[in-house]
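These notes are about the structure you will find just below.
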Amino acid sequence: QVQLAESGGGLVQAGGSMRLSCAASGSSPGSYVMAWFRQAPGKEREFAARIMWTGDDTSYADPVKGRFTISRDNTKNTVYLQMNSLKSEDTAVYYCAAGPYLSSFSRWYTYWGQGTQVTVSS
């Protein structure tokens with residue numbers, strides 16, 4: 001199995017920046033898709049960004065496009081989410097996920113981290 005651990009969350013003012021990290025351990029992710037999802041209070045979990053473990057293709061949800069950047073470091077088995085120009089509506093628990101399909105739907109992802117809280121103050 002793959003274990004995922006998020007870190008880097010916290011409190012930031014609107015307009016600020018924050019970088020989240022997702023460290024993978026256990027079984028190798030192989031060709032899995034790595035993704036970030038988020039869940040705001042009273043909302044269902046939604047897709048934010050994804051990247052292939054191998055290759056450079058990325059994809060972003062419309063609300064974060066142009067502000068968030070997903071990247072990876074294969075030597076460290078780590079995926080990052082750089083978040084810039086943060087808004088209050090970005091407040092959510094952010095989850096790292098891994099799965100075998102190139103998808104933006106949460107049900108296709110097999111492994112999940114415990115999440116890290118990001119709070120953006122206005």
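Residues: numbered from 1 along the sequence shown.
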* Asked: Any side-chain donor-acceptor pair under 3.5 Å between Asp73 and Thr78?
  -> no
* **Residues Tyr94 and Arg38: side-chain donor-acceptor under 3.5 angstrom** => yes
* Asked: So if you build clusters from Ile, Leu, Val, Met, Phe, Trp, Tyr with side-chain heavy-atom gaps below 4.5 Å, do Tyr80 and Ile70 land together?
  -> no
Hey, what do you get for [atom1] ([X]) to [atom2] ([Y]), rounding to the nearest 0.5 Å?
| X | Y | atom1 | atom2 | answer |
| --- | --- | --- | --- | --- |
| Tyr60 | Trp36 | OH | CH2 | 12.5 Å |
| Arg45 | Tyr95 | CZ | OH | 4.5 Å |
| Met34 | Arg72 | CE | CZ | 10.5 Å |
| Ile51 | Asp57 | CD1 | CG | 9.0 Å |
| Ser59 | Lys65 | OG | NZ | 6.5 Å |
| Leu11 | Thr91 | CG | OG1 | 8.5 Å |

Nearest heavy-atom neighbours spanning [X] and [Y]:
| X | Y | answer |
| --- | --- | --- |
| Arg50 | Ser104 | NE-OG, 3.7 Å |
| Ala98 | Tyr109 | C-CD2, 3.5 Å |
| Val2 | Ala24 | CG1-CB, 4.4 Å |
| Val12 | Ser17 | CG2-O, 3.9 Å |
| Gly9 | Leu20 | N-CD2, 3.6 Å |

* To do: Give a yes or no on this: more than 12 heavy atoms of other residues, nucleotides or ligands lie within 6.0 Å of atom CD of Gln3.
  => yes
* Asked: So with a 6.0 Å cut-off around CD of Gln13, is the heavy-atom count from everything else above 12?
  -> no
* To do: Measure up the Trp112 and Phe37 rings against each other and bin them: parallel (under 30°), tilted (30 to 60°), perpendicular (over 60°).
  => tilted
* Asked: Are the side chain of Glu6 and the backbone N or O of Gly115 linked by a donor-acceptor pair below 3.5 Å?
  -> yes
* **Side-chain ion pair, Lys87 and Asp90, N-O less than 4.0 Å** => no
